[in-house]
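Okay, structure first, notes after.
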2 protein chains.
Amino acid sequence: MRDDADWFTLLWTEDGPVLLDQRLLPGEETYLTLHSVEEMARAIEDLVIRGAPAIACAAALGIALAARRSEATDVAGVVADIERACERLAVTRPTAVNLFWAIERMRSCMRRAVPTATAESLRQTIVDEALRVLEEDVVTNRTLGRAGVDIVPQGARILTHCNAGALATAGHGTALGVVRSAVEAGRAVRVLADETRPFLQGSRLTAWELARDGIPVSVLTDSMAGHLMSRGEVDLVLVGADRVAANGDVANKIGTYPLAVLAREHGIPFYVAAPLSTVDLSTPDGAAIPIEERRSEEVTELAGTRLAPLGVEAWHPAFDVTPARLVTGIITERGIARAPYAESLAALCAEASAS
Amino acid sequence: MRDDADWFTLLWTEDGPVLLDQRLLPGEETYLTLHSVEEMARAIEDLVIRGAPAIACAAALGIALAARRSEATDVAGVVADIERACERLAVTRPTAVNLFWAIERMRSCMRRAVPTATAESLRQTIVDEALRVLEEDVVTNRTLGRAGVDIVPQGARILTHCNAGALATAGHGTALGVVRSAVEAGRAVRVLADETRPFLQGSRLTAWELARDGIPVSVLTDSMAGHLMSRGEVDLVLVGADRVAANGDVANKIGTYPLAVLAREHGIPFYVAAPLSTVDLSTPDGAAIPIEERRSEEVTELAGTRLAPLGVEAWHPAFDVTPARLVTGIITERGIARAPYAESLAALCAEASAS
């Protein structure tokens with residue numbers, strides 16, 4: 001997202017959090033102002049907002065809203081309202097670890113503030129912390145983007161999946177942040193956006209935000225990557241992540257794993273771009289990552305139209321796991337982690353905690 | 001398709017060919033009666049009917065229609081009308097070789113008949129030949145289906161792509177013909193149907209015809225196969241083909257090649273079911289198979305709804321090529337061809353010509 005962009009993914013206003021309704025893009029640009037934690041939880045569940053870092057930001061704003069709206073007159077009452085918000089938001093979506101990272105960060109801020117807080121100062125402290133989560137997310141993505149520039153060859157045709165862009169973050173994006181930073185550094189690129197069924201984050205969201213920024217983008221169905229790779233039409237695969245395990249296994253939008261297998265088959269680099277808040281050292285490997293199962297109807301229906309016959313059900317795992325052995329590198333705000341990931345990720349996370 | 005099925009893919013009536021409009025399934029079962037070769041050509045181009053064997057049958061019926069409707073009073077005039085029909089139908093779709101096989105078969109019949117024909121007898125000969133093409137297609141598929149039964153384990157979860165069923169043929173189907181024959185032989189199975197973007201032949205057509213026959217079927221997006229394979233949920237991949245080259249390379253609906261790569265990655269058998277009319281010994285390998293490129297809008301729009309932003313274009317190769325080295329076997333009406341395919345396919349084709 002350019003600094004002069006005329007749209008935003010989410011922000012905080014005195015009326016409450018405001019979200020761009022991603023279900024309606026690209027046809028309509030509608031912003032929703034949310035008035036309760038329950039509204040924010042449903043916005044996350046219903047994919048008004050999605051993308052691991054954006055979910056984290058949304059959760060932070062939801063907790064800020066709970067604090068701001070708390071009618072408690074004592075600190076304990078405000079704490080109770082914040083805790084209720086944390087608990088509700090924690091059961092919205094299971095896979096993206098950034099959600100839990102943000103909740104823990106907000107809780108930790110609260111715990112630090114409580115001993116010396118008044119009800120009103122605690123409310124303000126929590127709102128301020130949520131705003132910092134958003135600001136830092138943009139800074140992190142810009143740093144991550146610059147760290148990834150050198151993996152993008154001049155003239156690269158970059159295949160991406162789902163949306164790991166400004167719409168998946170508070171701004172700039174992760175995978176698309178690398179693309180934006182590469183463009184800023186003078187690289188000519190073309191993004192090949194998997195449409196990403198069933199929610200079509202690629203054709204609806206990635207195509208929309210790149211077209212807005214004037215970055216060349218073409219759409220393809222999720223089934224076309226193999227053919228394009230076999231014809232030499234793809235130079236690089238670059239995706240985001242919802243959770244990176246300690247060993248480097250990567251959970252990301254369903255359909256990512258096949259791209260990694262195909263990339264290796266064709267000798268094409270496969271990079272993941274994710275902030276360290278997506279790295280979960282407490283999850284040992286991909287098998288331990290919970291994979292969200294969503295409703296069958298999200299596959300069998302589209303925009304109110306029934307696609308499959310009535311009575312026929314669909315599978316709907318929302319994510320898959322790409323084993324670390326297929327990942328060329330994981331681009332973070334502290335540089336690119338390479339295999340062996342157990343060591344490189346632990347080192348980057350330790351460096352981040354120490355700073 | 002069961003013998004007592006209450007629907008059909010296509011048939012010949014005195015009013016002309018009648019086709020089930022596959023664009024409207026599963027929501028509507030509408031049959032179209034076609035009145036000219038041009039209407040048949042457009043029905044093929046617009047995917048009213050699709051699937052390599054069904055396209056062959058449709059072309060045969062289109063040529064029959066040209067003969068039946070010919071107002072020529074001499075044999076040369078009927079021949080000219082038939083030739084015009086052949087030329088028009090030959091430029092409808094480039095990849096499925098069955099189309100050219102059917103046109104050549106009808107031309108060959110015409111050439112044999114001409115020396116002793118009257119205008120009226122030639123018209124009747126051509127109609128009769130077209131009806132034979134349809135009848136033989138069903139017989140071929142039933143034979144092919146039985147030939148494939150033994151590759152289907154009891155309780156198999158069979159992943160298929162696109163629609164290689166009764167709707168892709170004059171009846172019974174190729175890949176789904178094997179499934180039907182396995183069910184007739186007492187095998188319990190479940191079909192996992194890739195939805196098959198962009199035209200959704202899987203969720204719309206495969207799911208519809210299997211549900212009609214009471215064969216268990218679940219739909220998945222094209223991006224889910226890798227995840228399901230990694231979780232041990234797929235026992236067998238079974239697809240049709242639009243053209244099999246002399247070396248065993250297989251052109252089939254876009255998205256087939258990734259399944260073959262993933263199947264090998266997981267040690268899952270990958271079978272192709274195709275009549276010998278799909279085997280083209282004059283095409284040496286997959287690189288020589290013309291891959292149809294279709295309109296961008298078929299990807300960026302669905303049921304009149306724009307999915308991608310206006311101005312963003314999509315790739316739309318309609319087929320891809322699976323190299324022979326990834327194919328476990330090719331099930332034909334004369335048995336299962338195995339590697340090395342150059343030898344096994346040539347032998348089966350020679351046997352068929354000799355009979």
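Order of the sequence lines fixes the chain letters, A, B, ..., with proteins taken first and strands second; residue numbering starts at 1 for each chain.
A:Leu262 approaches B:Pro258 most closely through the heavy-atom pair CD1-CB, 3.9 Å. Residue B:Ala193 comes nearest to B:Val217 through the heavy atom pair CB-CG2, 4.0 Å, listed as atom of the first residue, atom of the second, then distance. Minimum interatomic distance between A:Arg204 and B:Leu307 (heavy atoms only, all atoms of both residues): CG-O, 3.3 Å. Here the closest heavy-atom approach between residue B:Ala241 and residue B:Ala52 is recorded as O-CB, 3.6 Å. The heavy-atom pair separating A:Leu167 from A:Trp208 by the smallest distance is CD1-CE3, 3.8 Å. Across all their heavy atoms, B:Leu47 and B:Arg23 have their closest contact at O-CG, 3.6 Å.
Heavy atoms of B:Ala207 lying under 4.5 Å from chain A belong to its backbone as well as its side chain. Contact of A:Leu228 with chain B is made through the side chain alone, with heavy-atom distances under 4.5 Å. Only the side chain of A:Ser230 comes within contact range of chain B, with at least one heavy atom under 4.5 Å from a heavy atom of that chain. Residue A:Leu200 touches chain B through its side chain alone, counting heavy-atom pairs closer than 4.5 Å. Proximity to chain B is absent for every atom of A:Leu259, based on heavy atoms less than 4.5 angstrom apart.
For the set B:Thr221, B:Thr300, B:Asp222, B:Val321, the entry with the most heavy-atom pairs within less than 4.5 Å of chain A is B:Thr221. Options A:Pro26, A:Pro216, A:Gly202 differ in how many heavy-atom pairs under 4.5 Å they form with chain B, and the most are formed by A:Pro26. If you tally non-hydrogen atom pairs under 4.5 Å between each of A:Pro309, A:Ala308, A:Gly226, A:Gly255 and chain B, the highest count goes to A:Pro309. Contacts with chain A were tallied for B:Gly311, B:Ser223, B:Ala225; B:Ser223 has the most, counting heavy-atom pairs under 4.5 Å. The candidate from B:Leu220, B:Ile254, B:Asp320 with the greatest count of non-hydrogen atom pairs under 4.5 Å with chain A is B:Ile254. When B:His316, B:His161, B:Met229, B:Glu195 are compared by the number of non-hydrogen pairs under 4.5 Å with chain A, B:Glu195 comes out ahead. Among the candidates B:Pro323, B:Pro198, B:Ala314, the residue making the largest number of heavy-atom pairs closer than 4.5 Å to chain A is B:Ala314.
Side-chain contact between A:Leu159 and A:Met224 is absent, with no heavy atoms from C-beta onward closer than 4.5 Å. A:Val234 places a side-chain heavy atom less than 4.5 Å from the side chain of A:Leu192.
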Report task. Using the side chain to side chain contact (heavy atoms under 4.5 Å, CB included) rule, take B:Thr256 and B:Val250 through it: C-alpha gap first, then chi angles, then the decisive distance, then the call. Result -> CA-CA 9 Å; B:Thr256 301; B:Val250 175; 5.7 Å; no
Report task. Please step through side chain to side chain contact (heavy atoms under 4.5 Å, CB included) for the pair A:Thr322 and A:Asp249, ending with a clear verdict. Result -> CA-CA 6 Å; A:Thr322 299; A:Asp249 289 353; over 6 Å; no
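Side-chain atoms of B:Asn163 and B:Glu209 form a donor-acceptor pair, as typed in the model, at a separation below 3.5 Å.
Chain B is approached within less than 4.5 Å, heavy atom to heavy atom, by A:Ile291 from residues 286-298 of chain A, ordered by number.
At a threshold of 4.0 Å, the pair B:Arg190-A:Glu313 does not count as salt-bridged, since none of the basic side-chain nitrogens sits closer than that to a carboxylate oxygen.
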